[in-house]
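As the structure is a prediction and not an experimental result, all values here were calculated from the model.
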Amino acid sequence: THSFPLLRYSSLWFLLGMVSTMLQIPSVHEMLSLPCTLPLLSILILIINSAMPAEVVAPGASPTSNSDNDDMALMQAQAQALMAIKDAITYDPFSSDCLSSWTNSTTVVKAPPSYCPSNGTAGWYGLHCDDRYHITSLNLSTCGLSGSIPLSLALLPSLSILDLSNNNFSGPLSSSLFNLPNSSLTYLDLSYNTLLSGDIPSSLILNSPNLQTLLLIDTRLSGVVPPEMWTHLPSLQKLVIIDDSSPPLLSISPTSFPSSANFSFCATIQVFDLEGLDASGASFPSSLGDCQQLQTLILSTTGLQGSIPPSIWQLPHLQYLTIQDLNVVDAVNNYPDQPPPYKLHGSLPSTFGFCGAAGSTIEDMTIDGINLTGHIPASIGTCSSLQNLDLSHTNLVGSIPSSLGNLTQLQTLALQSNNLTGKIPTTLSSCSQLTQLHLGFNPLRGSIPSELGMLINLQVLSLFTANLEGPVPVELCNCTQ
């Protein structure tokens, strides 16, 4: 908006009207649905900026770039853009009333405009405006909308929050939608639009430098994640990309995701979640251990290789940690007699930075399909806030530490498919919230402890091929769940 003053929007719409007339297109709204419109807008903006001189201010006078005329021009432009957005969307008014309040309002005669919530009026569904009636938020989540994502969204220059999740939008995510720089955009959620296709456009990243949240969950977007994702979003706080396709449609380039990658968002990132992506040939980025604000770190991919840096275990605010190689998990489940095809390796530390006397933050830790050398440290018992602990398919050795009995909030304990030896510790009976206990496929010894009958919330007990002997204790009949 600094490079394109708001007063010039009226000129832009006038030129668009002339172009639509020359092309014999019935309306500007209809023209905005055409693929060529956004590149055309960029050209028209250059024409307007070069043809209209900068504002001349007399000595002692105040500039008028933020005047009422500017605001009125923006209100009119926003109203026209909203109607173009509605015209481009397909929806069933009988099953969704989200857009029923969006009525034709191409001329705004006074403030506040009808689409902005103001003075007790609701305004148009899903819209929020600032005190100058600039549209700052558009939330049309779960409205049953379909069709292509409207290109006219690019004509809302102050839009900060855009949530189109859980709809039926289809087709490619056009790069033209993001060809106009939008430094205002901080939140974008396109999740659960399972008919979206095509690449993630790099223009989304390059033209949204202030983006803080990007959610792309369960779409059908494909191709390589743009390398700019890691280097051009310095304000990013939450990144979630989940590909539920089999085989994966999205992949990570080995050259853009090296072990020494320096993420531009390392100082701000709190949630880093990549699930289901093909990471074949890419290395585990050691610099993630330097991102001290991380609360959620999930890398559940196929083919990621290299070493897990020790600094990962020392992140002080971590609540959810998942490092998983889906290829190994599938191979172990389908071919249990074959050596696991490990790509990632590492070892558990003697102490964890997110546990201990200073307080425990970790609630869920899943390390699955990773070649971990060594044993489970006794210090795991200091992670008092743990609710789910999964160290399956990790090649761990040694005994099951009795300190696990200190985890009174633990609900799931999964240690199957390792090389754990010794007896099942009776201290597990102190984990009164435990609902699932998986210890199978380990060369344990001894019998099933009768103390497990104290776990009255237990729903699943898996001791398959665990080398145990003796009678099944009658006390397990107390586990009525």
Side-chain angles (χ1 to χ4, degrees), residues 35 141-142 145-151 162-178 188-208 211 213-233 236 238-258 261 263 265 271-285 288 296-306 322-331 333-334 341 343-344 366 368-369:
S141 174
T142 320
L145 308 178
S146 58
S148 299
I149 292 181
L151 298 180
L162 177 59
D163 188 347
L164 300 178
S165 62
N166 200 27
N167 283 294
N168 297 302
F169 287 112
S170 60
L173 191 58
S174 174
S175 60
S176 297
L177 179 61
F178 307 101
L188 178 62
D189 188 357
L190 301 178
S191 303
Y192 307 111
N193 283 284
T194 58
L195 299 178
L196 281 180
S197 60
D199 297 339
I200 301 173
S202 58
S203 57
L204 161 62
I205 300 159
L206 294 173
N207 290 327
S208 304
L211 198 64
T213 298
L214 177 58
L215 307 177
L216 299 173
I217 303 170
D218 194 15
T219 69
R220 290 298 178 268
L221 294 172
S222 60
V224 177
V225 176
E228 294 86 357
M229 184 78 73
W230 324 120
T231 57
H232 285 72
L233 294 175
L236 198 64
K238 186 174 184 179
L239 174 65
V240 182
I241 304 177
I242 299 179
D243 183 357
D244 286 337
S245 306
S246 181
L249 295 175
L250 283 168
S251 62
I252 299 172
S253 168
T255 57
S256 68
F257 204 68
F263 297 107
F265 45 71
V271 176
F272 188 85
D273 184 352
L274 303 179
E275 299 182 47
L277 281 69
D278 180 5
S280 299
S283 299
F284 194 103
L288 277 176
T296 297
L297 173 57
I298 299 178
L299 286 171
S300 180
T301 60
T302 63
L304 194 64
Q305 62 186 19
T322 295
I323 303 174
Q324 187 176 45
D325 189 329
L326 299 175
N327 278 344
V328 174
V329 175
D330 288 343
N333 289 335
N334 294 323
K343 296 285 188 180
L344 267 176
T366 298
D368 192 357

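- Every residue two or more places apart in sequence or in another chain that forms a side chain to side chain donor-acceptor pair (under 3.5 Å) with Ser245 is listed here: Asp243.
- Applying the side chain to side chain donor-acceptor pair (under 3.5 Å) test to residues at least two apart or on different chains, none of the pairs has a partner in residues 192-203.
- Here Ser246 contributes atom OG and Leu326 contributes atom CG; the two are 9.5 Å apart, rounded to the nearest 0.5 Å.
- With sequence neighbours left out, Ser170 forms a side chain to side chain contact (heavy atoms under 4.5 Å, CB included) with Leu195.
- Scanning all heavy atoms of the two residues, the minimum distance from Ile217 to Ser191 falls at N-OG, 3.1 Å.
- When all heavy atoms of Asn327 and Asp325 are compared, the closest pair comes out as N-OD1, 3.0 Å.
- Between atom CG of residue Leu304 and atom CG of residue Leu344 there is a gap of 4.5 Å, rounded to the nearest 0.5 Å.
- The side-chain heavy atoms of Ile323 and Phe284, taken from C-beta on, include a pair separated by under 4.5 Å.
- Residues Leu190 and Ile149 form a side-chain contact, since some pair of their non-hydrogen atoms from C-beta on lies under 4.5 Å apart.
- The shortest heavy-atom contact between Ser174 and Pro201 is O-CG, 4.4 Å.
- Contacts of Asn333 classified as side chain to side chain contact (heavy atoms under 4.5 Å, CB included), with partners at least two apart in sequence or in another chain: Val329, His393.
- Note that CG of Leu211 and CG of Leu236 are 6.0 Å apart. Values are rounded to the nearest 0.5 Å.
- Looking at Ile200 and Pro226, their side chains come closer than 4.5 Å, going by heavy atoms from C-beta outward.
- Under the side chain to side chain contact (heavy atoms under 4.5 Å, CB included) criterion, Ser251 pairs with Val224, Asp278, sequence neighbours left out.
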Between Leu299 and Leu288, is a side chain to side chain contact (heavy atoms under 4.5 Å, CB included) present by the stated rule, with each step listed?
CA-CA 11 Å; Leu299 286 171; Leu288 277 176; 3.9 Å; yes
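- Ring planes of Phe272 and Phe265: tilted class, angle from 30 to 60°.
- Under the salt bridge (Lys or Arg N to Asp or Glu O under 4.0 Å) criterion, Asp218 pairs with Arg220, sequence neighbours left out.
- For the atom pair CE of Met229 and CD1 of Ile241, the computed distance is 4.0 Å after rounding to the nearest 0.5 Å.
- Counting heavy atoms from C-beta outward, Val271 and Val240 have side chains that approach closer than 4.5 Å.
- Judged as a side chain to side chain donor-acceptor pair (under 3.5 Å), and not counting sequence neighbours, Ser148 has no contacts.
- Formation of a donor-acceptor pair under 3.5 Å by the Asp189 side chain with backbone atoms of Ser165 is not found in this model.
- To the nearest 0.5 angstrom, Thr302 atom OG1 is 9.0 Å from Ile252 atom CD1.
- Of the candidates Leu151, Ile205, Leu204, Leu204 is the only one forming a side chain to side chain contact (heavy atoms under 4.5 Å, CB included) with Phe178.
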Should Thr142 and Asn166 be marked as a side chain to side chain donor-acceptor pair (under 3.5 Å) after you check the CA-CA gap, both sets of side-chain angles, and the distance that decides it?
CA-CA 5 Å; Thr142 320; Asn166 200 27; 3.1 Å; yes
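- Lys343 places none of its side-chain heavy atoms less than 4.5 Å from the side chain of Val328.
- Leu250 places none of its side-chain heavy atoms less than 4.5 Å from the side chain of Leu274.
- Here Leu188 contributes atom CG and Leu215 contributes atom CG; the two are 8.0 Å apart, rounded to the nearest 0.5 Å.
- The side chain to side chain contact (heavy atoms under 4.5 Å, CB included) check on Glu275 picks up Ile242, Asp273, Ile298, Ser300, with sequence neighbours excluded.
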